[in-house]
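Remarks on the structure that follows.
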There are 2 protein chains.
Amino acid sequence: MSHSYAYARPALAADVVLFGAAEDELEVLLIERGGAPFLGCPALPGGFVRVDEDLEAAVRRELAEEAGVSPGWLQQLQTFGRVDRDPRERVVTVAYWGLVRRVDHRPVAGTDARSARWHRLDSLPALAFDHREIVDVALRRLQVRIRYEPVGFELLPEEFPLSRLQGLYETILRRPLDKRNFRRKVLALDILAEVGRKEEGVAWRPAQLFRFDRERYQQALEKGVLFDL
Amino acid sequence: MSHSYAYARPALAADVVLFGAAEDELEVLLIERGGAPFLGCPALPGGFVRVDEDLEAAVRRELAEEAGVSPGWLQQLQTFGRVDRDPRERVVTVAYWGLVRRVDHRPVAGTDARSARWHRLDSLPALAFDHREIVDVALRRLQVRIRYEPVGFELLPEEFPLSRLQGLYETILRRPLDKRNFRRKVLALDILAEVGRKEEGVAWRPAQLFRFDRERYQQALEKGVLFDL
DNA sequence: CCAAAAGTGTTTATGATACACCCATGT
DNA sequence: ACATGGGTGTATCATAAACACTTTTGG
């Protein structure tokens, strides 16, 4: 196989900002670095991309190896390539961001040696490399995206009351929303299906449960109704 | 310097979709490939990223070398990494998109051996690699971005009549806009400065010339007025 | 005086926002 | 009975969209 130039090549990595939703705050999955540099420092899951592996596949592999999780939603975020972002050598990283239902992935035991843990976004520790910057970009992306694509559901349990959905939006957008207006808008989209059951085990009036209905969402798209919250 | 793994590494390239505005249609800058594969085939300007060079710097260098142009606006688009996108070997490319004032770069003589030429977007030839896909993604990005960021001005001469600006939006968005509504909205943003001179050499009533006023735009941003056309 | 584009307001419809009370349930 | 979140409707305001004629200039 011919090489187009003989000089040293930048190394190519892929990292991922995986978001999960705790009751009242967003969380990010971090691993603890098992090697130099930044030994023991929290960092984003990720690693080098293999020659025969697609970028997204690399991210999914790393997530499985390092934390045993599989995101329900995953998309490219941005590529970070500052020359000095890795003190060892030139490493360009293709960052992804993903969403996962925390409830499906209870303990997140790292199958790898490195320990993976959820960290609240409002009290992140110092991160390795430029990973803090990557998290910030991912958060901004989430804040924009959640308003015009139905991605928030990937953070919630399959069935949820509307107030939980509203709480999620308030957490992500960091501002209070009006209950009546929120309900009206969400229901008008006609992309939720009433489950027909109610919350259980709460000490007050139990709420109706809903689930996101992909089929209806597709129909709404075709009708030109666009998601906008 | 230690390497984190000994296996073959993907190669890293950077390519750019550079848009220019002709009178009535968008154009894209393409070079003709000087080597295998796709010899002689039109392709996006770009090349391999050097180890000691930032991604954006690589793009600017390639644009200067291959086409002698310097974009007024340049931003990362997306990274394309399908395993088989280059038949020779694994090449991951960080794609950028840029805007340039055609009038500032008259002939675009390739200082490099390869010939660079502007091609109308409505009649693109077949492109090398997955470059057509990259162009499509860039166009969609431009169509979205131009509505809420004042980037269109980078495609126009420094001074322009409002009808030219409207024509540009119509070309990019591919739909007609109402003259009165467009003018009202643009002027309400308060980011244009009247030059005080009029068009010359036209065979009809000459229009007032305007220019984009970056300072006013910053002030508008701080006041919370957001660009939206 | 003709051709061609420049320039200018008002009306209507639609969607966004603000706002307060009663209901159902568990303890 | 009481505490707690669940659930509901209306009035107002702001923004977007539709729409046609007069003006200015060069030829």
Side-chain angles (χ1 to χ4, degrees), chain A residues 21-24 143-144 146-148 156-157 159-171 173-211 220 223-229, chain B residues 23-24 143-144 146-148 156-157 159-171 173-211 220 223-229:
Chain A
E23 281 303 318
D24 59 340
Q143 288 174 332
V144 171
I146 201 175
R147 298 201 46 195
Y148 64 92
L156 294 182
E159 303 181 351
F160 51 87
L162 288 184
S163 58
R164 183 83 169 73
L165 184 65
Q166 179 178 342
L168 178 70
Y169 272 75
E170 291 176 328
T171 300
L173 300 177
R174 301 199 185 284
R175 63 186 160 91
L177 300 174
D178 181 87
K179 183 166 51 162
R180 281 170 291 188
N181 293 338
F182 183 82
R183 288 179 157 254
R184 184 170 345 115
K185 276 174 92 169
V186 171
L187 293 175
L189 291 171
D190 199 39
I191 58 175
L192 294 186
E194 225 172 309
V195 171
R197 274 178 296 105
K198 299 187 177 184
E199 265 183 318
E200 281 173 31
V202 290
W204 50 79
R205 174 177 177 179
Q208 283 294 335
L209 293 175
F210 293 82
R211 59 179 178 76
K223 268 183 251 164
V225 180
L226 27 99
F227 189 91
D228 182 24
L229 283 181
Chain B
E23 282 302 317
D24 59 340
Q143 287 173 332
V144 170
I146 202 176
R147 299 200 45 194
Y148 62 92
L156 295 181
E159 302 181 352
F160 52 86
L162 288 185
S163 57
R164 184 83 168 76
L165 183 66
Q166 181 178 340
L168 178 70
Y169 272 76
E170 291 176 328
T171 299
L173 300 177
R174 301 199 184 284
R175 63 185 162 93
L177 300 173
D178 181 88
K179 182 163 57 160
R180 282 170 290 190
N181 292 338
F182 183 82
R183 288 177 158 255
R184 185 170 345 109
K185 275 175 93 169
V186 171
L187 293 175
L189 291 170
D190 200 39
I191 58 174
L192 295 186
E194 224 172 310
V195 171
R197 273 176 299 106
K198 298 186 177 185
E199 264 184 318
E200 279 171 33
V202 288
W204 51 77
R205 176 175 176 179
Q208 283 293 335
L209 293 173
F210 293 83
R211 58 180 180 75
K223 268 184 249 162
V225 181
L226 29 98
F227 190 90
D228 181 24
L229 283 179

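Throughout, protein chains are lettered first and strands after them, A, B, ... in sequence-line order, and every chain is numbered starting at 1. Please read all numbers here as calculations on a predicted model, not as lab measurements.
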>> What is the distance, to the nearest angstrom, from the CG atom on Leu209(A) to the P atom on dA24(C)?
In response: 18 Å
> Side chains of Leu162(B) and Leu187(B): does their closest heavy-atom pair fall under 4.5 Å?
Replying inline: yes
> When we call it a touch if two heavy atoms are under 4.0 Å apart, what does Gln208(B) touch: a base, just sugar-phosphate, or nothing?
Replying inline: sugar-phosphate
> Just how far, in rounded Å, is P of dT24(D) from CD of Glu199(B)?
Replying inline: 16 Å
> Rounding to a whole Å, what distance do you find between Arg180(B):CZ and dG7(C):C1'?
Replying inline: 10 Å
> From Lys223(A) NZ over to Asp190(A) CG, what is the distance, rounded to the nearest 0.5 angstrom?
Replying inline: 6.0 Å
>> For Lys179(B) versus Gln166(B), what's the shortest heavy-atom pair and its separation?
In response: CA-OE1, 3.5 Å
> How close or far is atom C1' of dC19(D) from atom CG of Leu177(B), stated in whole angstroms?
Replying inline: 15 Å
>> Between C1' on dT10(D) and CG on Asp178(A), what's the gap in Å once rounded to a whole number?
In response: 13 Å
>> Measure CD/Glu200(B) against P/dA6(C) and give the value in whole Å, please.
In response: 16 Å
>> Please compare Pro206(B) and Ala203(B) by the position of their nearest nucleotide in DNA chain C and report the one closer to 5'.
In response: Ala203(B)
> Ser163(A) side chain N/O closer than 4.0 Å to the phosphate oxygens (OP1, OP2) of dG6(D)?
Replying inline: yes
> If every non-hydrogen atom of Arg205(A) is compared with every non-hydrogen atom of Glu199(A), which pair is closest and at what distance?
Replying inline: O-OE1, 4.5 Å
>> Using whole Å, what does the distance between atom C1' of nucleotide dG7(D) and atom CG of Leu192(A) come to?
In response: 16 Å
> To the nearest 0.5 Å, what is the distance between CG (Leu156(A)) and CZ (Arg211(A))?
Replying inline: 14.5 Å
>> I want to check one thing: is the phosphate of dT25(D), taken as OP1 and OP2, less than 4.0 Å away from some side-chain N or O of Lys198(B)?
In response: yes
> Relative to the 5' end of DNA chain D, which residue comes earlier, Leu162(A) or Trp204(A), by the nucleotide with the nearest heavy atom?
Replying inline: Trp204(A)
> Within a radius of less than 6.0 Å around CZ of Arg147(B), do more than 12 heavy atoms belonging to other residues, nucleotides or ligands occur?
Replying inline: no
> Do Val225(B) and Ile191(B) have side chains that get closer than 4.5 Å, going by heavy atoms?
Replying inline: no
Could you go over nucleotides 10-15 of chain C and give all protein N or O partners under 3.5 Å, atom names and distances?
residue	atom	partner	partner atom	Å
dT10(C)	O4	Arg184(B)	NH2	3.3

>> Closest approach to the side chain of Arg205(B), judged atom by atom: which nucleotide of dT8(D), dA24(C), dT25(D) is it?
In response: dT25(D)
>> Measure CZ/Arg147(B) against C1'/dA16(D) and give the value in whole Å, please.
In response: 11 Å
> Where the side chain of Ala207(A) is concerned, which of dG7(D), dA16(C), dT8(C) is the nearest nucleotide?
Replying inline: dG7(D)
> Under 4.0 Å between a side-chain N/O of Arg183(A) and OP1 or OP2 of dG7(D), yes or no?
Replying inline: yes
